[in-house]
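Structure first, commentary second.
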Number of protein chains: 2
Amino acid sequence: MGTRARAGNRLAAREALAQRVRGWAHLPFDPARCPVRSVLDQLGDKWTTLVVLVLTQGPHRFSAVQRAIPDISKRMLTQALRDLERDGLVARQVFPTTPPSVEYRLTPLGESLLEPLGALIAWAEVHMAGIVAARAGFARQRTARPAGA
Amino acid sequence: MGTRARAGNRLAAREALAQRVRGWAHLPFDPARCPVRSVLDQLGDKWTTLVVLVLTQGPHRFSAVQRAIPDISKRMLTQALRDLERDGLVARQVFPTTPPSVEYRLTPLGESLLEPLGALIAWAEVHMAGIVAARAGFARQRTARPAGA
DNA sequence: CAGAATCCAATAGGATACTG
DNA sequence: CAGTATCCTATTGGATTCTG
């Protein structure tokens, strides 16, 4: 695919999203029932997405997930896993051994999230350098003339 | 494209993401410098994404964005816009009129986000019903036998 | 109009101790 | 091991007031 076609794709994606947004305009606009907010809130809660990423590597036990995300507390991991289970993205399977062991894995619904999530993460990795540069430039601007110097 | 090919794409996307995640394994794992966290934190902060979606409709003035998102406060809108500007996703243009007017628009970097973001939102809209159903089922399970009934 | 500043309430989230 | 319960702190975010 040439750069021309890629640019066309991007433009098409932009226009498609713009139209989708326009389509919401005449809706009642109940923030609580907005799918966008609902999903984005979940993904943005600092841990959920990380847990999903760990589970792309296959089923994990509770403690294995915790080892994979060193700075998560048990409390938050429990909550993230329960939310994901509640939403049907993750399945929880208990093995009645002693001590008990529990395994978590992505459901088909959870796996279907990986495609758009992967695209977003790819974007993040590609553009991270640009964002960092923009931040540096922004910080310079702000410190350059704080009091009309 | 047939269902077979679509399933193949999905599988490919899953495997691609899984590999990407594996690629991070040997990294120092500094949570503060993780692009994924950095981007997801931003998108998940409840307002940033909504603002971006509004700006897909073209340049907006401060108050126009606020009208488009009824339940945002000036404080939060200011912050969201400044963060977006800082990251280079949004450009801010001041017109020296009285009273002053300021226009915000997406930069090329900001527009490049629309493609993966649109994919995520499309996913959210498509699967929202399934998630709601899963939540209902989960709630039933929990209330069914809270004390071994 | 576009924001900055201040104050306050709600929530998120970490640390620790306890349980089946 | 896989959580739950409790406590406490930090951050988020709304309401209000003030300024250029």
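Chain A is the first sequence line, chain B the second, and so forth, proteins listed ahead of strands; every chain is numbered from 1.
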Going from [atom1] on [X] to [atom2] on [Y], what distance comes out if it is rounded to the nearest 0.5 angstrom?
{"X": "B:Arg20", "Y": "B:Glu15", "atom1": "CZ", "atom2": "CD", "answer": "12.5 Å"}
{"X": "A:Arg10", "Y": "B:Ser112", "atom1": "CZ", "atom2": "OG", "answer": "7.0 Å"}
{"X": "B:Leu106", "Y": "B:Gln57", "atom1": "CG", "atom2": "CD", "answer": "10.5 Å"}

Practice task
Hey, could you give me each pair passing side-chain hydrogen bond (donor to acceptor under 3.5 Å, both in side chains) that has a residue in residues 70-82 of chain B? Not counting sequence neighbours.
Solution key: A:Arg37-B:Asp71
Show each protein N/O and nucleotides 15-19 of chain C N/O combination with a separation under 3.5 Å, one pair to a line.
none

Problem - Contact residues, residues 49-67 of chain A to DNA chain D [heavy atom, < 4.0 Å] - result: A:Arg61, A:Phe62, A:Ser63
Problem - Interface residues of residues 92-100 of chain A with DNA chain D (non-hydrogen, below 4.0 angstrom) - result: A:Arg92, A:Pro99, A:Pro100
Please list, one pair per line, the donor and acceptor atoms closer than 3.5 Å that link side chains of residues 40-55 of chain B to other protein atoms, with sequence neighbours excluded.
residue	atom	partner	partner atom	Å
B:Gln42	NE2	B:Asp83	OD2	3.4
B:Asp45	OD1	B:Trp47	N	3.4
B:Asp45	OD1	B:Thr48	N	3.0
B:Asp45	OD1	B:Thr48	OG1	2.3
B:Asp45	OD2	B:Thr48	OG1	3.0
B:Thr48	OG1	B:Gln42	O	3.2
B:Thr49	OG1	B:Leu43	O	2.8

Practice task
Output the rest of the hydrophobic cluster of A:Met128: all Ile, Leu, Val, Met, Phe, Trp and Tyr residues reachable through side-chain heavy-atom contacts under 4.5 Å, sorted by chain and number.
Solution key: A:Val132
If every non-hydrogen atom of [X] is compared with every non-hydrogen atom of [Y], which pair is closest and at what distance?
{"X": "B:Gly88", "Y": "B:Thr107", "result": "O-OG1, 2.6 Å"}
{"X": "A:Gly58", "Y": "A:His60", "result": "O-ND1, 2.7 Å"}
{"X": "A:Ile121", "Y": "B:Leu17", "result": "CD1-CD1, 4.1 Å"}

Could you state the [atom1]-[atom2] distance from [X] to [N], rounded to the nearest angstrom?
{"X": "B:Gln79", "N": "C:dT6", "atom1": "CD", "atom2": "C1'", "result": "15 Å"}
{"X": "B:Lys46", "N": "C:dA12", "atom1": "NZ", "atom2": "C1'", "result": "13 Å"}
{"X": "A:Leu77", "N": "C:dG14", "atom1": "CG", "atom2": "P", "result": "11 Å"}
{"X": "B:Met76", "N": "C:dA5", "atom1": "CE", "atom2": "P", "result": "14 Å"}
{"X": "A:Asp45", "N": "C:dG14", "atom1": "CG", "atom2": "C1'", "result": "15 Å"}

By salt bridge (charged side-chain N to carboxylate O under 4.0 Å, His left out) - contacts of [X] (at least two apart):
{"X": "B:Arg61", "value": "none"}
{"X": "A:Glu111", "value": "B:Arg14"}
{"X": "A:Arg105", "value": "A:Glu103"}

Exercise for the section: Just report the end-to-end axis angle for the helix from C:dC1-D:dG20 to C:dG20-D:dC1, five pairs per end, to 10 degrees. Expected result: 40°
Problem - Criterion side-chain contact (heavy atoms from CB on, under 4.5 Å) on B:Phe138 and A:Asp87, from CA distance to verdict - result: CA-CA 8 Å; B:Phe138 190 75; A:Asp87 289 359; over 6 Å; no
Expected list for residues 89-102 of chain B: side-chain donor-acceptor pairs under 3.5 angstrom, two or more places apart:
residue	atom	partner	partner atom	Å
B:Arg92	NE	B:Tyr104	OH	3.3
B:Thr97	OG1	B:Pro99	O	2.9

Exercise for the section: Please determine if a side-chain N or O atom of B:Tyr104 lies less than 4.0 Å away from the OP1 or OP2 oxygen of C:dG3. Expected result: yes
Handout entry: Side-chain donor or acceptor of A:Ser38 paired with backbone N/O of A:Pro35 under 3.5 Å
Key = no
Practice task
Go through B:Leu117 and A:Trp123 one step at a time and tell me if the side-chain contact (heavy atoms from CB on, under 4.5 Å) criterion holds.
Solution key: CA-CA 10 Å; B:Leu117 184 60; A:Trp123 182 91; over 6 Å; no
Completion exercise
Outermost contacting nts on DNA chain D, any atom under 4.0 Å from chain B heavy atoms, listed 5' then 3', are D:dG13 to D:dG20
